[in-house]
Amino acid sequence: MKRREFITLLGGAAAAWPRAASAQQPAMPVVGLINFGTPDGMARLGTAFQNALREAGYVPGQNVTVEYHWLEGQYGRVPALVADLVRRRVAVIATPGATLAALAAKAATTTIPIVFGVGEDPVKLGLVASLARPGGNATGINFLTQEVVAKRLGLLHDVVPKAVRIAVLVNPANATITETTLRDLPEAARALGLQIQVLNASTSREIDAAFATLARDPADALFIAADAFFTSRRGQFATLAARDRMPASCSNRELVEAGLLMSYGTNLADTFRQVGIYAGSILKGAGPADLPVLQSTKFEFIINLQTARALGLEVPNSLQLLADEVIE
């Protein structure tokens, strides 16, 4: 096992059976799940995926083996990992919230079913022929990141109305999300009369360096692009933002629960659940070509009121009522 890749093999109990008995058992199908987060940071989402498989009648360790490949922001490891899954001919490759992994899998195999969760248009990405009729070997869920970017910036402006200069932190290693964010955000910023300053970070040290840049050249608020590695570093973000008294907007609740100011975005647990449902359907015999691409309908607006108070921000009751959850 490589140090930076955490693989959970559910179904290993079979190794304890007598060799002759296990030889009589049919091999369990293997589902390989790829995400760029960390094992501890993504545990809740892995559970959502696993529960969806159970609903379809597949219990990890009994009639299916699930390999969780949490790559901890190491996007460069995707090609080798996908090649290994294809070589072993796993039953399904699942890539919730991992667009680069979905694209790599699509390029590597035309036969192994792929169930993706992507924030960009899967037709434009070349993953499917159309949403209604995917064709080929891939299907999944589109959680509409590009449509959410402008909305999230607007909500940040509502929560921090005096902010004019917004720092935007992207992970250049996550090329598709970075491209989408930097394409859609400037127009939304101009419409609100905001200025943006782009910062890059692909490692924990570079996150520290980005905040050091902001200490020298301050911004009024921070817009953190959607990225699984950023989510896995939520403790670091919370510490730095609190130290520098920086109002920060992110794409999911995990960072707000850690102490950032607010989030708006798709419900990631629901995305993992939907990917799990489709993976279960495929294990039962459904073909990806016949499963239409779903579009996410669950979006969450979360405000950390304790953080707002610490920053000296007064969040209007109207915004608190609009929020799906207010963390006291």
Side-chain angles (χ1 to χ4, degrees), residues 145-172 177-178 180-201 206-227 230-231 233-266 299-328:
T145 294
Q146 60 192 75
E147 286 85 348
V148 167
V149 166
K151 174 73 170 178
R152 176 150 71 94
L153 184 63
L155 288 170
L156 176 60
H157 180 58
D158 291 339
V159 175
V160 194
K162 293 182 180 180
V164 174
R165 191 175 187 208
I166 310 297
V168 179
L169 183 66
V170 296
N171 182 351
I177 292 292
T178 295
T180 298
T181 301
L182 297 185
R183 182 190 66 218
D184 298 338
L185 204 58
E187 183 178 350
R190 283 193 295 271
L192 294 168
L194 304 177
Q195 305 166 13
I196 62 171
Q197 169 192 8
V198 178
L199 301 171
N200 296 313
E206 290 176 351
I207 293 172
D208 285 336
F211 274 84
T213 298
L214 290 176
R216 296 190 302 269
D217 188 14
D220 300 317
L222 174 64
F223 184 102
I224 302 170
D227 181 74
F230 287 168
T231 299
R233 301 302 303 170
R234 58 189 179 277
Q236 180 182 9
F237 275 112
T239 298
L240 293 171
R243 182 197 69 189
D244 297 345
R245 296 181 56 80
M246 175 64 68
S249 167
C250 52
S251 64
N252 59 67
R253 68 163 51 239
E254 281 77 11
L255 283 91
V256 183
E257 289 172 348
L260 295 191
L261 175 61
M262 58 161 288
S263 69
Y264 180 76
T266 190
F299 300 93
E300 297 180 313
F301 175 32
I302 314 293
I303 300 173
N304 190 318
L305 206 57
Q306 184 176 0
T307 299
R309 294 190 186 108
L311 293 169
L313 296 172
E314 187 69 36
V315 181
N317 287 335
S318 58
L319 278 177
Q320 294 186 44
L321 292 173
L322 184 63
D324 296 278
E325 183 177 345
V326 175
I327 298 174
E328 294 289 350

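Since this is a predicted model, take the numbers as computed values, not measurements. Throughout, residue positions are numbered sequentially from 1 according to the sequence presented.
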- Item | Approximate separation, where rounding is to 0.5 Å, of Leu182 CG and Ile196 CD1 | 7.0 Å
- Note on the structure: When rounded to the nearest 0.5 Å, the distance separating CG of Asp158 from CG of Leu192 is 8.0 Å
- Might you point out which heavy atoms bring Val164 and Asp220 nearest each other, and give the distance in Å? N-OD2, 2.9 Å
- State, to 0.1 Å, how close Val326 and Ala323 come at their nearest heavy-atom pair, and which atoms those are. CG2-CB, 4.0 Å
- Is there side-chain contact between Leu255 and Thr231, with heavy atoms separated by less than 4.5 Å? yes
- Task: Evaluate the ring planes of Phe299 and Tyr264, with Trp represented by its six-membered ring, and classify them as parallel (under 30°), tilted (30 to 60°) or perpendicular (over 60°).
- Result: parallel
- Taking every non-hydrogen atom, the tightest pair across Leu222 and Leu156: O-CD2, 4.3 Å
- Item | side-chain contact (heavy atoms from CB on, under 4.5 Å) against Glu257, all qualifying residues, sequence neighbours excluded | Arg253, Ile327
- Query: What are the two closest non-hydrogen atoms of Val256 and Met262, and how far apart are they?
  - Reply: CG2-C, 3.4 Å
- Query: Considering all heavy atoms of both residues, which atom of Ala210 and which atom of Leu169 are nearest to each other, and what is their separation?
  - Reply: CB-CD1, 3.9 Å
- Query: Is there a side-chain contact between Leu185 and Val198, using heavy atoms and a 4.5 Å cut-off?
  - Reply: no
- Message: What's the separation between atom CZ in Arg152 and atom CG in Asp184, rounded to the nearest 0.5 Å?
- Response: 12.0 Å
- Message: As an exercise, state the distance from CG of Leu261 to CG of Leu155, rounded to the nearest 0.5 Å.
- Response: 11.0 Å
- Message: Regarding Asp208 and Gln236, do their side chains bring together a donor and an acceptor under 3.5 Å, going by distance alone?
- Response: yes
- Item | Shortest non-hydrogen separation from Ala219 to Met246 and the atoms involved | O-CE, 3.7 Å
- Item | Any side-chain heavy-atom pair of Glu206 and Asn200 under 4.5 Å | no
- Task: Measure the spacing between CD of Gln306 and CG of Leu311 and express it to the nearest 0.5 Å.
- Result: 11.0 Å
- Item | Leu313 side chain near Val160 side chain, heavy-atom distance below 4.5 Å | yes
- Donor-acceptor pair, side chain of Ser249 and main chain of Phe223, under 3.5 angstrom: no
- Can you check whether Arg233 reaches Asp227 side chain to side chain, under 4.5 Å on heavy atoms? no
- Item | Beyond-backbone contact of Leu214 with Asp244, side-chain heavy atoms, under 4.5 angstrom | no
- Item | Min side-chain heavy-atom separation Leu305-Val315 under 4.5 Å | yes
- Note on the structure: Rounded to the nearest 0.5 angstrom, the CG-CD distance for Asp217 and Gln197 is 5.0 Å
- Task: Would you confirm whether Asp324, through its side chain, and Phe301, through its main-chain N or O, come within 3.5 Å as a donor-acceptor pair?
- Result: yes
- Query: Do any N or O atoms from the side chain of Ser263 and from the backbone of Cys250 form a donor-acceptor pair under 3.5 angstrom?
  - Reply: no
